[in-house]
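Computation of the quantities below employed the complete heavy-atom set of this structure, encompassing side-chain atoms and omitting hydrogens, waters and symmetry-equivalent molecules. Chain naming here is simple, since letters A, B, ... match the order of the sequence lines and numbering starts at 1 in each.
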There are 2 protein chains.
Amino acid sequence: MSKAKPIDILIASLEQIEPLDQQDRDLLAGLDLRFRRFSANNEIVRSRTSPGESCFIVAGFAARAQYLADGGRQLDQIHVIGDFVDLHSLHLRQMDHSVIAIGPCDVAFIRHDELVSTMAHSPRLTWLLWQLTVLDGAVARTWMTCLGRRRAEAALAHLICELLTRLRRLGAAPSNRFHIPATQTDLADMLGVSTVHVNRSLAELRARRLLTWSRHEVHVLDFERLALIADFDNSYLEPGNPMPKYFQQFVTS
Amino acid sequence: MSKAKPIDILIASLEQIEPLDQQDRDLLAGLDLRFRRFSANNEIVRSRTSPGESCFIVAGFAARAQYLADGGRQLDQIHVIGDFVDLHSLHLRQMDHSVIAIGPCDVAFIRHDELVSTMAHSPRLTWLLWQLTVLDGAVARTWMTCLGRRRAEAALAHLICELLTRLRRLGAAPSNRFHIPATQTDLADMLGVSTVHVNRSLAELRARRLLTWSRHEVHVLDFERLALIADFDNSYLEPGNPMPKYFQQFVTS
DNA sequence: CGCTGGGTTGATGGCGATCAATCAATGTGG
DNA sequence: CCACATTGATTGATCGCCATCAACCCAGCG
């Protein structure tokens, strides 16, 4: 685990879903990666463009953002290390959203043609990458329910539960503490409320002694109760179905 | 087009993205379909189950729904004829949402094993089905922005613009009129507001002479202005990238 | 006919927006 | 080392969107 190469981060992320065989790992390890560091609020992928590469997060946090005519923005989803944030561009003729850095963020890019030929050699990787986009949809739907039907405090609690659950799985949240460089402005754009209201919702969670959040350091004091007021159910974060056998047996046409 | 068999509806839907060759059409035509009619508010696919089949809409409307602990629900997306609404269950170990009928709805089910072996014979169908799930995500993100950052009236206008755009493409909205059996309660659960407020937002749109909506018959009078207040941009509804050549050349391992 | 589900309208109140001020932390140039 | 600027967090005051409760209408239907 120490001195993990960037590609190992992606491999580990995929193996959370399903174990890879050595051949798949070799295929991935053979990929030609381009690296770049972004600082807060910079665009990793720009809306309305047609990138020739997809990217995953090597370090830090990123988010998907849609911009409005009035200059406002909605953050749809927050992504953590290992997330293949821009698999979508493989299929989208034009990006419907931007991917932006939340705090400093290291990103690895893979050219689409390389990605495709890798998949052509591995039904399992094809299946897994497809699945990533489907699981992504489940996260999106869950967040929609927060936006549409929960009050800001509950939605914020839900977001924190989700982040903690995901980071804990990566071993990045020892004793329910984690670092996240998001500002209250970022949270406001995520929750669809004003920064002032985020501040008050957060103050309320603190007052209830459910968590502390200071200087970008979050400490969840009572996950159980936090999950309760958030109406949080982690099953949407679970891995999906393993690849069916039949999928393996591709026939060259 | 007349007397279309149910599978032709799916084929037409896929060919909106990319033309199929005869072999792919034959593969689809050979699928064993199970049909069932649902009436309003009945569950086509139930949340938290693990279906062994996926389904597409043959006639009518359906929606994805997530339920809350307090008994409320959020409708995440409305689906129309030809939509492969439940491709997700192929990948999800457990459904994170229900699919319910909005008004009477005819649905065709395909067993997962059949679907998978069909894909195993056609990289193009694999690519297209994957793409459907990705495009689905783009629609979801766009709706999130409506939920988070638009007032009810604008969000409602946006929803109507989306429906009209999709139905027009299917030839199901002659002269900007279409039928939809959704009640104001359904719209409220979609928009994340109360039925009373839906009623008032709708009244406002009528007062501005942008549309009429009565007895489940919608007539959009001024699409341009409706799109303007909705901040509607249809590009997220466009087809995605065609299958890259390399994807074709699967290697049997 | 009365019942029922949906649509419409009014009154009242709360959540959250907006404007504004203050404060804490950090950075910058002199 | 200190004035000054900048960024983000916090708090108060006021306002508006939308929830909630309640009544009423209307069409379809047994």
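- A close approach under 4.0 Å does not occur between any side-chain nitrogen or oxygen of A/Arg200 and OP1 or OP2 of C/dT18.
- The nearest whole Å value for the distance from the CG atom in B/Asp70 to the P atom in D/dT20 is 9 Å.
- Across all strands shown, B/Ser194 has heavy atoms under 4.0 Å from base atoms, whether or not it also approaches the sugar-phosphate.
- Per the geometry, CG belonging to A/Asn41 stands 12 Å off P belonging to D/dT7, to the nearest Å.
- Atom pair B/Trp213:CH2 and C/dG7:C1' shows a separation of 13 Å (rounding to whole Å applied).
- Rounded to whole Å, atom P of C/dC15 lies 17 Å from atom CG of A/Leu191.
- A/Arg150 contributes no side-chain N or O that, together with a main-chain N or O of A/His158, makes up a donor-acceptor pair within less than 3.5 Å.
- In terms of position on DNA chain D, the residue among B/His197 and A/Ala182 whose nearest nucleotide sits closer to the 5' end is A/Ala182.
- In the set C/dT9, C/dC19, C/dA17, the nucleotide with an atom closest to the side chain of A/Val193 is C/dA17.
- Residue B/Gln184 has a polar side-chain atom (N or O) positioned under 4.0 Å from OP1 or OP2 of C/dT8.
- The nucleotide whose nearest atom lies closest to any side-chain atom of A/Ala152 is, among C/dG16, D/dT11, C/dT8, C/dG16.
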Intermediate values then yes/no, side chain to side chain donor-acceptor pair (under 3.5 Å), B/Glu217 and B/His179: CA-CA 5 Å; B/Glu217 293 294 334; B/His179 175 88; 2.8 Å; yes

Run B/Asp136 and B/Gln77 through side chain to side chain donor-acceptor pair (under 3.5 Å) and show every step you take. CA-CA 9 Å; B/Asp136 205 71; B/Gln77 212 169 331; 3.1 Å; yes

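- Straight-line distance from the NE2 atom of B/His216 to the C1' atom of D/dC26: 14 Å, rounded to whole Å.
- When distances are taken from the side chain of B/Arg215 to each of D/dT11, D/dA27, D/dA19, the shortest belongs to D/dA27.
- As a whole-Å value, the separation of B/Arg150 CZ from D/dC17 P is 17 Å.
- At least one side-chain nitrogen or oxygen of A/Asn199 sits closer than 4.0 Å to the OP1 or OP2 atom of D/dT10.
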Side chain to side chain donor-acceptor pair (under 3.5 Å) between B/Gln74 and B/Tyr67, intermediate numbers included: CA-CA 6 Å; B/Gln74 171 71 37; B/Tyr67 300 101; over 6 Å; no

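- Here C/dA25 presents its C1' atom at 16 Å from CD of A/Glu217, a figure rounded to the nearest Å.
- A donor-acceptor pair under 3.5 Å is absent between the side-chain atoms of B/Glu43 and the main chain of B/Ser98, judged by distance alone.
- Across the protein-nucleic acid pair, B/Asp186 atom CG and C/dG7 atom P stand 9 Å apart, rounded to whole Å.
- Here B/Arg149 does not reach the OP1 or OP2 of C/dA17: none of its side-chain N or O atoms lies under 4.0 Å away.
- Comparing A/Glu153 and A/Val196 by the nucleotide of DNA chain C whose heavy atom lies nearest to each, the residue mapping closer to the 5' end is A/Glu153.
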